[in-house]
Q: 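Below: one structure in structure tokens.
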2 protein chains.
Amino acid sequence: MNPMDTITQQFTAHNYKLTSQREAIVKVLLDNEKDHLSVEEVYMLVKGSYPQLGLATVYRTLELLCELHLVEKMNFGDGVSRYDLRSEDHDHMHHHLICDSCGKVAEIKDDWLAELEEKLEKEYGFSVTDHRLDFKGTYRICTGSGCKRPKEGQAIS
Amino acid sequence: MNPMDTITQQFTAHNYKLTSQREAIVKVLLDNEKDHLSVEEVYMLVKGSYPQLGLATVYRTLELLCELHLVEKMNFGDGVSRYDLRSEDHDHMHHHLICDSCGKVAEIKDDWLAELEEKLEKEYGFSVTDHRLDFKGTYRICTGSGCKRPKEGQAIS
DNA sequence: CTAGGTGCAAAGACTTTGCATTTAT
DNA sequence: ATAAATGCAAAGTCTTTGCACCTAG
């Protein structure tokens, strides 16, 4: 089944109405799966094909998608929330590489933390339901261009 | 040398004035080293012994401490920035365990990521300057009380 | 003495909410 | 038909900034 159907099906399954706005927003998320879009970015992108869209609807829809565990809300310390589509299997095991010079956020799809999570379970009595792993640094070959995020503190935040 | 002196020394070394407000703020951070305080929390704590303190000064001082790499700014997805004193050696290699039921944030002081950082360097051409690792989950023995953060989304954000 | 710091209040940035209108089911 | 969703604008948070006054060096 294609990802769009999977998602819209979730809507109806939970008795949420499938409005054209919601469809358009989900479509933008799918088309930009690699991008960790902010609310403003989603809004602008959807507005292209749907000019009468309201910003509040984007906030409400993203919140809803979060509630349905279809997207993940995160924060890279630039003052805005960013949203990341979860893969169908809900594994969402990926990590981020944040480039210091251009601000680009890349994803790594492996799960490198399985061992650590076992260790936490055994040695700390802590059972993990979710995790987050971000690295900041620089690519040996960084164009330095394509900077999306103007200012950025020194900490990953 | 005691931590307070180490920090105040950094101020003078960088030609920043050592005001009583700054001293009071640093003292509160030291006294609550384990706590990831928010600006508001720091403000309230300092206000106890220094009632005329302004909130903007807390923001400005924490920003300054960040700039001097004495504290780390971070965001656990509850809408406010939190600040964490860096250990003297500037290694700041610690991870967080965030309890789903009580919201408590615990720290783990080990560095579990050295191997992964090497891998990134070699296989991805990415050299790491900083990282962040948070786990969400529950402690087998969680009191369920002491919740500091009222609402929390499902994602680590 | 004087550059820099402080407190206050106003302004900004991002997000949420109230309400009349519209729409999916 | 009707409960839910939308768009707009207003209100809320958290954070930053402008400015007159104050203070460490």
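We name chains A, B, ... by the order of the sequence lines, and we start the count at 1 in each one. Only this structure's heavy atoms are used, side chains among them; waters, hydrogens and symmetry mates stay out.
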Q: Give a yes or no on whether a donor-acceptor pair under 3.5 Å exists between the nucleobase atoms of C:dG7, that is its base, and the side chain of B:Arg60.
A: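 Donor-acceptor pair under 3.5 Å: yes.
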
Q: Quickly work out the A:Ile25 CD1 to D:dG7 P distance and round it to whole Å.
A: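 Value for this atom pair: 8 Å.
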
Q: Between D:dT15, C:dT6, D:dA5, spot the one nearest the side chain of B:Arg22, thanks.
A: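 From the listed options, C:dT6 comes nearest.
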
Q: Output the rounded distance in Å from OH (B:Tyr16) to P (C:dT2).
A: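 In whole Å, C:dT2 P lies 22 Å from B:Tyr16 OH.
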
Q: Between C:dG5, C:dT6, C:dA24, which nucleotide gets closest to the side-chain atoms of B:Thr61?
A: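 Taking heavy atoms from C-beta onward, the closest nucleotide is C:dT6.
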
Q: Side chains of B:Gln10 and B:His69: is there a donor and an acceptor less than 3.5 Å apart?
A: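 Absent: no donor and acceptor within the cut-off.
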
Q: If I take atom CG in residue A:Leu55 and atom P in nucleotide C:dC14, what distance separates them, rounded to the nearest angstrom?
A: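 That distance rounds to 11 Å.
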
Q: Between B:Lys17 (NZ) and D:dC21 (P), how many Å, whole number?
A: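 Nearest whole value for this atom pair: 17 Å.
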
Q: Run the salt-bridge test on A:Asp134 and A:Arg132 with the 4.0 Å N-O cut-off and return the result as yes or no.
A: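 Here A:Asp134 pairs with A:Arg132 in a salt bridge, since their nearest N and O are under 4.0 Å apart.
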
Q: Can you check the B:Asn15 CG to C:dG5 C1' distance for me, whole Å?
A: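 In whole Å, C:dG5 C1' and B:Asn15 CG are 14 Å from each other.
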
Q: Using whole Å, report how far CG of A:Asn75 lies from C1' of D:dT15.
A: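 Those two atoms, CG and C1', are 14 Å apart.
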
Q: When all nucleic acid strands are considered with a 4.0 Å heavy-atom cut-off, which category describes A:Ser20: base, sugar-phosphate, or nothing?
A: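 Since no nucleic acid heavy atom lies under 4.0 Å of A:Ser20, the category is nothing.
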
Q: Checking all strands, does A:Glu40 fall into the base, sugar-phosphate, or nothing category for heavy-atom contacts under 4.0 angstrom?
A: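 Counting heavy atoms under 4.0 Å across all strands, no contact is made by A:Glu40.
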
Q: Let me know the distance between CG of A:Leu53 and C1' of C:dT22, rounded to the nearest Å.
A: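 Going from A:Leu53 (CG) to C:dT22 (C1'), I get 15 Å.
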
Q: Between atom NZ of A:Lys47 and atom CG of A:Leu45, what is the distance when rounded to the nearest 0.5 Å?
A: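 Separation between the atoms: 13.0 Å.
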
Q: To the nearest 0.5 angstrom, please state how far the CD atom of A:Glu41 sits from the CZ atom of A:Arg82.
A: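 Between A:Glu41 CD and A:Arg82 CZ, I get 5.0 Å after rounding to 0.5 Å.
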
Q: Identify which nucleotide among C:dG7, C:dT16, D:dG7 has an atom closest to any side-chain atom of A:Tyr59, counting heavy atoms from C-beta outward.
A: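 Comparing C:dG7, C:dT16, D:dG7 against the side chain of A:Tyr59, the answer is C:dT16.
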
Q: State which of D:dG25, D:dT6, D:dA9 makes the closest approach to the side chain of B:Leu18.
A: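 Closest nucleotide among those given: D:dG25.
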
Q: Taking only the side-chain nitrogens and oxygens of A:Thr57, find out if one of them lies under 4.0 Å from OP1 or OP2 of D:dG7.
A: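 Checking A:Thr57 against D:dG7: at least one side-chain N or O falls below 4.0 Å of OP1 or OP2.
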
Q: I need the OH-P distance between A:Tyr50 and D:dA5, as an integer number of Å.
A: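 Those two atoms, OH and P, are 14 Å apart.
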
